[in-house]
Participant: 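This is the structure I want to talk about, given as C-alpha cells.
Side chains are part of it too, since the values below use all heavy atoms of this structure and drop only hydrogens, waters and symmetry mates.
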Amino acid sequence: MKFIAFLFIIFPLTALSEERRHMVSFGRDGFGLSSSHEDIDTKKKSPFKDVIYYFSDIGLNYAYRLSSRFQLGVQYQNIHNEYRFKDINGGHSSVEIEEQMLGAFGIYNFHDDLNDSWYVGYGFSVIKYNEENSDVFQNAEGKGPFEFDDSSEKHDFFVGKRFSLRGYNVENLAYSPQASVYFKSHAKDFKDNRIGNGTGFNIQPIRFDLLF
C-alpha cells in the first residue's frame, strides 16, 4: 500500500517535470539590457559648451506555468536617462530621469501547447518616477532646481498569439506578437501639473517567448 501511495505522489510530479514550466519574454517590456552614450552638438548661443546623454534600460519578464493552461509571472524594468552639461564657464550640471516598474501578471492559454496558442492576460504594476534638475541647468533656463516624483499604478489587459518556430528547428522559441490596452493613474506631483490619469493602446509586433 505504501508503494502504491508513493506512485500516486511521484507520478504527477514526474509528469509536471516533463512539461515546459518556465517562460522568459523578449521584446518591449521583456528581458533585455540596452545602453547608449551620445555627445550632443551645441549651438553658439547655447549657455552649454558640452552636453552628454546617457541611457540605460534593464528589463525582466518571467512566467511560471501553474497548470496546463495558466501562467503566473513577474515583471521588472528600470529606465535611466541622464543629461550631463558643462557650461561655458566650466561649471557642471545634470538632469536625471529614472523610472522603475515592478509588477505581476497572469496568462490564460487556449491550448495546452504553449508554443502555439492564443492567450489573454491581465497585469498590475507599480511605477516609481523621479526627475531631478540641478541648479546650474535651471539657472541657465531662468528657473530654480526642482525634483519631480510620481508613484503610479498601471492595469494592463492583453491578448496575443504564439507561433511555434519548430519548423525552423527552434524547439523552445515562439514568435509572440501582442496587443494591450491599459489604464494608468498618477500621484500628486503629476496632478499638480495638470497631468491626470490616462488610458492607452500598445502593440508589440516584435516579441518572442522562450519556453523551457
Participant: Classify the angle between the aromatic ring planes of Y54 and H37 as parallel (below 30°), tilted (30 to 60°) or perpendicular (above 60°).
Facilitator: perpendicular
Participant: Does this structure show an ion pair linking D50 with R84, if we count only N-O contacts that are shorter than 4.0 Å?
Facilitator: no
Participant: Applying the ring pair (Phe, Tyr, Trp, His ring centres under 6.0 Å) test to F157, which of Y182, Y108, Y122, F105 qualifies?
Facilitator: Y122
Participant: Before you tell me yes or no, could you show the steps for Y53 and D39 under side-chain contact (heavy atoms from CB on, under 4.5 Å), namely the whole-Å CA-CA distance, both residues' side-chain angles and the distance that decides it to 0.1 Å?
Facilitator: CA-CA 6 Å; Y53 172 63; D39 294 316; over 6 Å; no
Participant: Checking side-chain polar atoms at under 3.5 Å, does N78 have a donor or acceptor matched by the opposite partner on E99?
Facilitator: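 Per modelled atom types, N78 and E99 side chains form no pair under 3.5 Å.
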Participant: Under 3.5 Å, is there a donor-acceptor pair between the side chain of T199 and the main chain of F183?
Facilitator: no
Participant: Quick one: do F70 and F212 end up in the same hydrophobic cluster if we chain Ile, Leu, Val, Met, Phe, Trp and Tyr together by side-chain heavy atoms under 4.5 Å apart?
Facilitator: yes
Participant: Determine, for R166 against D113, whether the closest basic-nitrogen to carboxylate-oxygen distance falls under 4.0 angstrom.
Facilitator: yes
Participant: What's the separation between atom CE in M23 and atom CG in N61, rounded to the nearest 0.5 Å?
Facilitator: 6.5 Å
Participant: Does any non-hydrogen side-chain atom of E132 lie less than 4.5 Å from one of N130?
Facilitator: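 In contact.
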Participant: Cluster question for you: counting only ILVMFWY and a side-chain heavy-atom cut-off of under 4.5 Å, with indirect links fine, are F208 and V24 together?
Facilitator: yes
Participant: The test is side-chain contact (heavy atoms from CB on, under 4.5 Å); show your working for Q204 and I206 and say whether it passes.
Facilitator: CA-CA 6 Å; Q204 300 182 45; I206 308 300; over 6 Å; no
Participant: Tell me whether L60 is reachable from L211 by hopping between hydrophobic residues (I, L, V, M, F, W, Y) whose side-chain heavy atoms are closer than 4.5 Å.
Facilitator: no
Participant: What distance separates N81 CG from S56 OG, expressed to the nearest 0.5 Å?
Facilitator: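 These two atoms lie 8.0 Å from each other.
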Participant: Could you tell me the separation between the NZ atom of K184 and the CD1 atom of I127, rounded to the nearest 0.5 Å?
Facilitator: 4.0 Å
Participant: With a 6.0 Å cut-off (strictly less than), is the heavy-atom count around NZ of K128, excluding the residue itself, greater than 12?
Facilitator: no
Participant: Testing the basics here: between S34 and F55, what is the closest heavy-atom pair and its distance to 0.1 Å?
Facilitator: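 Of all heavy-atom pairs spanning S34 and F55, the closest is OG-CE2, 3.8 Å.
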Participant: Within 45° of the ring axis of Y119 and under 6.0 Å from its six-membered ring centre, is that where the NZ or CZ of R162 lies?
Facilitator: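 Yes; both conditions hold, so R162 lies above the ring face of Y119.
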Participant: Mind checking the CZ-CD spacing from F124 to E153? Nearest 0.5 Å is all I need.
Facilitator: 4.0 Å
Participant: Quick one: do V120 and I107 end up in the same hydrophobic cluster if we chain Ile, Leu, Val, Met, Phe, Trp and Tyr together by side-chain heavy atoms under 4.5 Å apart?
Facilitator: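 V120 and I107: separate clusters.
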Participant: Assess whether side-chain contact (heavy atoms from CB on, under 4.5 Å) is satisfied between D57 and H80, documenting all intermediate values.
Facilitator: CA-CA 7 Å; D57 182 1; H80 181 82; over 6 Å; no
Participant: What are the two closest non-hydrogen atoms of S68 and L114, and how far apart are they?
Facilitator: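 Of all heavy-atom pairs spanning S68 and L114, the closest is O-CD2, 3.9 Å.
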Participant: If hydrophobic clusters are built from ILVMFWY residues whose side chains come within less than 4.5 Å, do I203 and V181 share one?
Facilitator: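 Looking at the clustering, V181 is in the same group as I203.
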Participant: For the residue pair R21 and Y64, would you count it as a cation-pi contact if the rule is NZ or CZ under 6.0 angstrom from the ring centre and within 45 degrees of the ring axis?
Facilitator: yes
Participant: Verify side-chain hydrogen bond (donor to acceptor under 3.5 Å, both in side chains) between Y175 and D209, making sure each step is shown before the conclusion.
Facilitator: CA-CA 7 Å; Y175 172 55; D209 289 338; over 6 Å; no
Participant: What is the minimum heavy-atom distance between H111 and S117, and which atoms define it?
Facilitator: N-OG, 3.1 Å
Participant: Assess, by modelled atom type and distance only, whether the side chains of N109 and R65 contain a donor and an acceptor separated by less than 3.5 Å.
Facilitator: no
Participant: To the closest 0.5 Å, what do you measure between CZ (F163) and CG (N115)?
Facilitator: 13.0 Å
Participant: Is it the case that the side chains of S125 and K154 hold a donor-acceptor pair, with the cut-off being a distance below 3.5 Å and no angle test?
Facilitator: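 On atom types as modelled, these side chains do not qualify, holding no pair under 3.5 Å.
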Participant: Donor-acceptor pair, S180 side chain versus F158 backbone, under 3.5 Å?
Facilitator: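 Pair absent, no side-chain N/O of S180 close to backbone of F158.
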Participant: Quick one, D112 and R69 - any side-chain contact, counting heavy atoms below 4.5 Å?
Facilitator: yes
Participant: Begin from the C-alpha positions of V95 and F85 and carry the test side-chain contact (heavy atoms from CB on, under 4.5 Å) through to its verdict.
Facilitator: CA-CA 8 Å; V95 174; F85 302 90; 3.8 Å; yes
Participant: Calculate, to the nearest 0.5 Å, the distance between atoms OH and CG belonging to Y76 and L102 respectively.
Facilitator: 8.5 Å
Participant: For Y168, does the OH atom have more than 12 heavy-atom neighbours from other residues, nucleotides or ligands under 6.0 Å away?
Facilitator: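 For Y168, atom OH is not crowded (no more than 12 foreign heavy atoms under 6.0 Å).
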Participant: Between P205 and P177, which heavy-atom pair has the shortest distance, and what is it?
Facilitator: O-CB, 4.1 Å
